[in-house]
Amino acid sequence: TRKETNMKQLKKWAALLLAFVMVMTLVPLHSKAEFVQPTGKMIVKGVEEGATVKAYRLTKAVFDADGNFLRYDNMGAGAFADTTKPTNEEWLKLIKKPVDQLGAAVDLTWNAAEKSYEKPGNEAGLYMILVTSKEGLVYNPMLVGLSLAKDGAGNVVKEGTINVPSSFSLPSEGGAK
């Protein structure tokens, strides 16, 4: 009968629609994975246990939508004319700024096994390191860089390590020795 024929056609269309919906659920909405900026560890050696070690980010890596590295940009207004080659004059101007103008501080924590201060999860760029001893003495400011490198999986950040020598000093006319 006609009613049975209509019911069979309705069942066929419903089955076809259900099959189409099932196939569409298998298709990803975004075919491209979201870019995640690579990070690395910052390490400061040669500083006494109990000191306060803070890092202030001065430059940041800039990537395109596909995750390809483009350049480094200043975090603040024009700290360095060329972010890949900071000059002594730019560095001296920067270290004379009040701490509250350097941006948010990142605290490095003591690693007793390595006898160093460390902070994992930092993005590529230049960081100013400021150290205050447990007696309240302030070390000369230091500059550490976390650079980008390519490996088989893409961009990776190389560890930024600075070893503070016992005779670390800032000459009156130039940058840190």
Pair up each side-chain donor or acceptor in residues 7-23 with any protein partner under 3.5 Å, not counting sequence neighbours, and list the distances.
none

- Check the pair R57, N122 against side-chain contact (heavy atoms from CB on, under 4.5 Å), reporting the backbone distance first and the verdict last. CA-CA 9 Å; R57 190 167 177 203; N122 303 287; over 6 Å; no
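- Not counting sequence neighbours, the partners of K41 by the salt bridge (charged side-chain N to carboxylate O under 4.0 Å, His left out) test are E118.
- Remark: K134 NZ to E48 CD distance equals 5.5 Å, nearest 0.5 Å.
- When side chains are defined from C-beta on, K97 does not count as touching M128, because their heavy atoms never get closer than 4.5 Å.
- To the nearest 0.5 Å, atoms NZ (K60) and OG1 (T83) are separated by 11.5 Å.
- Under the 4.5 Å side-chain heavy-atom criterion for Ile, Leu, Val, Met, Phe, Trp and Tyr, M75 and V62 are members of distinct hydrophobic clusters.
- In this structure, F63 and P38 have side chains that are in contact, with non-hydrogen atoms separated by less than 4.5 Å.
- Two residues are said to be in side-chain contact when any heavy atoms from C-beta on lie closer than 4.5 Å; I129 and Y139 fail this criterion.
- Taking every heavy atom of both residues into account, Y56 and A104 meet most closely at CD2-O, 3.9 Å.
- The two residues Y72 and S147 make their nearest non-hydrogen contact at OH-CA, 3.8 Å.
- At a threshold of 4.5 Å between non-hydrogen side-chain atoms, the residues V53 and V47 count as touching.
- Within the model, atoms CG of N111 and CD1 of I43 stand 8.5 Å from one another, a figure rounded to the nearest 0.5 Å.
- The two atoms that bring K158 and A149 nearest to each other are CD-CB, 3.7 Å, heavy atoms only.
- No chain of hydrophobic side-chain contacts below 4.5 Å, direct or via other Ile, Leu, Val, Met, Phe, Trp or Tyr residues, connects V144 to V106.
- No donor-acceptor pair under 3.5 Å is formed between the side chain of Y127 and the backbone N or O of G160.
- Note that OG1 of T84 is 12.5 Å distant from CZ of R71, once rounded to the nearest 0.5 Å.
- Side chain of T59 to backbone of L126: a donor-acceptor contact under 3.5 angstrom is found.
- Smallest separation of non-hydrogen atoms from S133 and A51: CA-CB, 4.1 Å.
- Panel note: side chain Y117, backbone M42; no donor-acceptor pair is recorded below 3.5 Å.
- Contact annotation: the side chain of L102 approaches that of L130 to within less than 4.5 Å [non-hydrogen atoms, C-beta and beyond].
- Side-chain contact between P86 and F80 is present, with heavy atoms from C-beta onward closer than 4.5 Å.
- From D82, atom CG reaches atom CG of N74 across 9.5 Å, with rounding to the nearest 0.5 Å.
- Looking only at side-chain heavy atoms (C-beta outward), K45 and T161 come within less than 4.5 Å of each other.
- In terms of modelled atom types and a separation under 3.5 Å, the side chain of E90 and the main chain of T87 share a donor-acceptor contact.
- Interatomic distance, OG1 of T39 versus CG of L146, reported as 9.0 Å (0.5 Å rounding).
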